Structure formats: structure tokens, C-alpha cells
Amino acid sequence: PSKPVVETLHGVTLTDEFRWLESGKDPAVVEWTKAQHDAARAFLDRRAPPVPGRRDELTRIIDRDRSSPPQFRNGRMFILRTLKGEPQAKLYTQVDGRDLLLFDPVAFDPSGKTSIGAVTPSPDGTLVAVGTYLKGSEILEFRILDSRTGAQQGTPIVGVWGVSWARDQRHVYISPRTAEGDAKQEPRRCYRHRLGSDRKDDQLLVALTDPKRWCSVYEPQDTDLVVFEDGDFWSNRIRIRRGAGEPQTIFETDKFRAFAEFRRDRVYIRTNHEAPKWKLMTATYDQPAFADWRTLLPEQQSVLEDVEVTSEAILALDRDDVLTRLTAFDREGRRLRELPPPAFGNVSGLAYDLRTDTAYATLASHTVPLRAYALPGRSLAWDLVWADDPPVDTTALVAERLYVPARDGARIPVFVVRRKDAPMNGDNPVLLHGYGGFNNAIEPFFIGSLSTFVNRGGIFVDAGIRGGSEYGE
């Protein structure tokens with residue numbers, strides 16, 4: 001039932017008909033939720049009785065040894081892994097070829113309600129900041145660990161949005177966050193914090209006045225700069241500082257965004273400034289302001305999703321008609337070659353380990369489990385470093401990219417996953433998922449537990465409704 005809640009935020013009056021349902025301990029909400037559950041269960045029992053064997057199949061897929069794609073820093077691997085029966089993922093690394101458990105949230109909190117929410121290795125990989133959500137909290141607290149022993153260094157850094165390492169590895173940059181601050185919509189601040197020191201001694205670097213904006217401060221590994229950023233969902237400002245002077249603004253707008261990679265030779269910037277499908281620009285440190293930026297990779301028909309700069313090349317990840325591809329360019333923007341993956345898949349993530357000059361790419365596919373590859377900066381050859389191995393048989397399945405016309409004639413991309421022998425004649429059960437918002441595009445993902453539906457004759461459809469970034473802004 002509707003129980004309107006009216007409030008004014010940032011000068012805008014909002015009416016929420018169902019806000020009252022957010023109070024999970026309210027007896028009226030508990031009663032309503034149980035009634036909804038009972039009604040839904042009765043409906044499903046009548047219309048969709050249990051499928052023999054499916055529960056056991058789902059249990060094997062969900063409750064198993066599994067891990068997330070690893071991240072690498074200075075050649076060190078950090079990976080989240082959950083063993084069968086465990087309630088939370090643990091953080092592991094490798095030392096001298098053997099696995100080492102760095103952090104177990106269940107050992108810290110036996111209730112099993114504390115989870116790892118962030119893993120941020122230091123520049124040389126000898127330390128790692130592990131952020132946890134304590135007992136279901138949405139606010140992170142970080143512990144600094146020695147990555148060769150797992151020993152905690154100093155006291156936890158409680159109540160922050162995240163941490164960013166200084167090059168000296170004795171300081172981190174933080175932005176405080178508390179439940180009270182969230183409730184009051186307090187503007188964000190950014191500080192420099194010395195590890196092991198009292199938070200009252202932190203150095204204030206940024207003090208925003210608009211609660212809708214975020215801020216961050218970081219030190220690129222390859223330069224002697226300190227970078228200051230702030231922005232909102234649609235736009236940002238970038239300032240840089242060398243030494244103790246005032247930061248210099250190099251990009252500022254209320255309409256566009258820029259993501260900068262600070263390399264030793266110059267700055268590389270991916271931006272949507274007057275380019276809805278994004279482009280790559282560059283600047284020198286002698287003339288870093290936006291007025292002196294020049295275009296390296298102009299806007300194309302495809303969407304420029306990400307860029308990493310290795311010792312020899314610029315790796316550009318673009319989205320060509322929904323699916324991604326990886327292409328190498330030289331430092332002046334001249335195309336070298338496309339880098340097709342060694343197996344079918346969509347490049348769903350791209351990262352770079354500066355000290356080992358190695359790029360890392362994850363490949364996703366509806367019918368092949370997630371994999372991660374290393375691409376050394378000079379050869380750019382694909383080398384498998386990790387692969388998921390779920391107990392899922394997809395040999396009888398096929399995934400297709402199709403297009404459906406909207407009422408106004410626009411082509412809407414959809415992925416369809418079905419059995420190879422399942423005709424699309426309208427007689428099969430269909431699970432339709434659609435999303436279009438926040439500039440997030442639909443992408444192939446391993447169907448995992450959905451295979452229990454598709455292998456039995458169902459058809460899964462994932463639609464890229466307008467509002468995502470399939471074709472740019």
C-alpha cells in the first residue's frame with residue numbers, strides 16, 4: 001500500500017510512495033513482507049512447481065570453491081577466494097610460488113557478516129590496504145597488512161570512502177565517511193594521512209561545499225605529481241601540483257569528464273569533451289592545461305571504453321556495436337594492430353601493472369567461464385593467468401547478438417542464449433532482462449546458474465535498453 005513520504009533535497013521536493021518499506025524492523029513492514037512472501041510462494045507452487053534435480057544443480061554451482069579475477073601489483077597477485085561452505089571471500093596472495101592467506105573476515109568476525117569490500121595494494125606490492133564492511137555496514141574501514149606475512153601494520157583506518165597510496169608508502173589519501181555525515185549530507189573532504197598516526201593530525205587538502213560532489217587525491221607512480229580531482233556524476237575537475245605550490249587546474253567543466261593517465265613522458269586523457277563516444281587526448285607537462293591538449297585518437301563510430309599506456313603502445317578498448325575489441329596504437333596514435341583474444345570472449349576489464357610493464361585483460365562470455373590474461377608491454381601476447389572452473393555444461397548452448405526494432409525504429413541490441421536445438425518460435429519459456437541507465441552497457445557474462453534454466457529449454461534474453469552506453473552518450 002502507498003504511504004507517501006515527502007521531503008525536500010537540494011531544493012527539490014520529492015514524494016516517495018513506498019519509502020516506509022525501508023524500515024525493515026517496523027512491525028507493519030515485517031507483516032507486509034511476510035504476506036508478500038507467502039503470496040509469491042503460493043503462486044509459484046501453483047504455476048511453477050519444483051524441477052527435479054535443479055536444486056542440487058544450483059547448489060553445486062553456487063556452493064563451490066571459487067575466486068574472483070586477480071589483480072597484480074609489481075608482479076604480485078592478489079585474489080579473493082571462497083572455498084565451499086565458507087560465508088565470505090578471503091584474500092590470498094602468492095609468496096615464493098605458494099599461496100598465502102592474508103585476511104580472513106570470518107576469523108575477524110565469526111558471525112560471518114563482515115565482508116571484504118576493497119583491496120588496494122601499495123605501489124611496490126609489499127603492503128596492501130584491505131577494506132571491510134563490518135557486520136553489513138556500508139562504510140569501509142581499512143587495515144594495512146604486510147603482504148608477505150599478513151601481519152597488520154598499525155591501527156585500522158575507520159570510516160572512509162577508500163584509500164589511495166602515496167609513493168613513499170608511509171602515507172595514504174583518504175576521504176572520511178560516517179553514517180551521521182551521510183544522513184546530514186555533509187560535503188566531502190580529502191586528507192593526507194600518515195600511517196599509524198592519529199587521525200586528528202591528518203592534513204586537510206580538499207574541502208568541498210557541495211554535498212553532491214566527490215573528491216579524490218592521488219600520486220601517480222610514474223611522475224612526481226600530486227593530483228586533485230573533484231566532480232559529480234557528469235563532470236569533473238583535474239588539478240596537479242609539483243612540489244609545495246598551489247595546484248594548477250588542467251581541466252574543468254560542468255558538462256564533460258576526463259580520465260587522465262600520468263606517464264613519465266606526458267599525460268594521456270580519455271574524455272567525452274564534445275565527443276559523446278569519447279576520444280583520447282594528450283598533453284605535455286610543460287603545457288598541461290586543456291587549451292594545449294591535442295587529440296591522439298579522434299572520436300570514432302565505436303565507443304572508446306578504456307585506455308592503458310604500456311612501455312611501447314597505447315591499448316585502446318572500444319565497444320563496436322555492443323561488443324568490445326582491443327587495439328594497439330603507437331605513442332603518436334598510429335594504429336599498430338588489433339589484439340584478438342586467443343579464445344572467444346568480450347574484453348570486460350583492462351588494467352596495467354606499471355612496474356612489470358604488463359597489461360591484464362579479463363574475457364567474459366555467456367558460454368565460456370571468466371578468464372584473465374597477461375599482455376606483456378613489449379610483446380602484447382596473450383598469456384592465461386587465471387580461469388574460473390564452475391561445474392556448468394554449456395556445450396549444448398549458443399549465444400547470439402540480435403537486434404529488435406523499437407517503436408520509433410531504433411535498433412535495440414539483445415543477447416540471446418539458448419540451446420542449439422531450441423527454435424525461437426514463441427513456444428519456449430523466456431527470461432527477459434533489460435537495463436538502460438547510468439551509462440552502463442549490457443555485456444556478455446557467464447550464465448552460471450542460469451544454465452539450469454537454459455539447458456532445460458528456456459531462453460535467456462538480455463536487452464540493452466536505451467540509457468546505457470552501448471552507442472555512447
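All figures in this text were calculated on a predicted structure; none of them were measured in a lab.
Annotation: side chain to side chain contact (heavy atoms under 4.5 Å, CB included) contacts of Q287 (sequence neighbours excluded): T284, D292. Taking R60 as the reference, nothing meets the salt bridge (Lys or Arg N to Asp or Glu O under 4.0 Å) condition, with sequence neighbours excluded. By the side chain to side chain contact (heavy atoms under 4.5 Å, CB included) test, R466 is found to be paired with A406, D408, A410, I412, residues two or more places apart in sequence or in another chain being considered. Taking the side chain to side chain contact (heavy atoms under 4.5 Å, CB included) definition, one finds that T394 meets it with T367, V392, L397, F446, sequence neighbours left out. Looking at residues two or more places apart in sequence or on another chain, you find no salt bridge (Lys or Arg N to Asp or Glu O under 4.0 Å) involving R401. For E338, the salt bridge (Lys or Arg N to Asp or Glu O under 4.0 Å) criterion is met by R335, not counting sequence neighbours. Evaluation of the side chain to side chain contact (heavy atoms under 4.5 Å, CB included) rule for P376 yields S379 as partners, not counting sequence neighbours.
Legend: side chain to side chain donor-acceptor pair (under 3.5 Å) pairs involving residues 216-230, not counting sequence neighbours, sorted by first then second residue: Y173-E219, R192-E219, R213-D230, Y218-E229, D222-R264, D224-R242, E229-N236, D230-R237. Residue pairs meeting the ring pair (Phe, Tyr, Trp, His ring centres under 6.0 Å) criterion with at least one partner in residues 289-316, sequence neighbours excluded, are F251-F290, F251-W293, H273-F290, F290-W293. Residue pairs meeting the disulfide (SG to SG under 2.5 Å) criterion with at least one partner in residues 210-287, sequence neighbours excluded, are C190-C215. Within the structure, the salt bridge (Lys or Arg N to Asp or Glu O under 4.0 Å) test picks out no pair touching residues 245-257 (sequence neighbours left out).
Here the straight-line distance linking atom CG of L380 with atom CG of L326 works out to 8.0 Å at 0.5 Å rounding. Taking CD1 of I139 as the start and OH of Y133 as the end, the distance is 10.0 Å to the nearest 0.5 Å. The line from CG of L384 to CZ of R371 is 8.0 Å long, rounded to the nearest 0.5 Å. Here the CZ-CG distance, from F78 to L145, works out to 9.5 Å after rounding to the nearest 0.5 Å. Put simply, CG on D210 and CG on D232 are 8.0 Å apart, with the number rounded to the nearest 0.5 Å.
In this model, a donor atom of one side chain and an acceptor atom of the other lie less than 3.5 Å apart for D124 and Q169. T114 and D109 share a side-chain donor-acceptor pair at under 3.5 Å. Defined by atom type and a distance below 3.5 Å, a donor-acceptor pair is present between the side-chain atoms of T362 and S348.
With salt bridges taken as basic N to acidic carboxylate O contacts below 4.0 Å, one links D182 and R177. Taking 4.0 Å as the cut-off between side-chain N and carboxylate O, E186 and R188 do not count as a salt-bridged pair. Salt bridge status for R263 with D265: absent, with no side-chain N to carboxylate O gap under 4.0 Å. Ionic pairing of K277 and E299 is not present here: no N-O contact between side-chain nitrogen and carboxylate oxygen is shorter than 4.0 angstrom. For E86 and K84, the salt-bridge test fails: no basic side-chain N is under 4.0 Å from an acidic carboxylate O. The pair E400-K420 fails the salt-bridge criterion, with no side-chain N (NZ, NE, NH1 or NH2) lying under 4.0 Å from an Asp/Glu carboxylate O.
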Practice problem: List the steps and the verdict of salt bridge (Lys or Arg N to Asp or Glu O under 4.0 Å) for D146 and R148. | Solution: CA-CA 6 Å; D146 183 321; R148 295 189 66 86; over 6 Å; no
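Within 6.0 Å of the CD atom in Q301, the count of heavy atoms belonging to other residues, nucleotides or ligands does not exceed 12. Within a 6.0 Å sphere centred on CG of D389, other residues, nucleotides and ligands contribute 12 heavy atoms or fewer. In R239, the CZ atom is crowded: over 12 heavy atoms of neighbouring residues, nucleotides or ligands sit closer than 6.0 Å.
Between P298 and T295, some side-chain heavy-atom pair lies under the 4.5 Å cut-off.
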Validation: residues 93-108 side-chain donor-acceptor distances under 3.5 Å, sequence neighbours left out:
{"residue": "T93", "atom": "OG1", "partner": "R76", "partner atom": "NH2", "Å": "3.2"}
{"residue": "T93", "atom": "OG1", "partner": "M77", "partner atom": "O", "Å": "2.7"}
{"residue": "Q94", "atom": "NE2", "partner": "D99", "partner atom": "OD1", "Å": "3.2"}
{"residue": "D99", "atom": "OD2", "partner": "R81", "partner atom": "NH1", "Å": "3.1"}
{"residue": "D104", "atom": "OD1", "partner": "V106", "partner atom": "N", "Å": "2.9"}

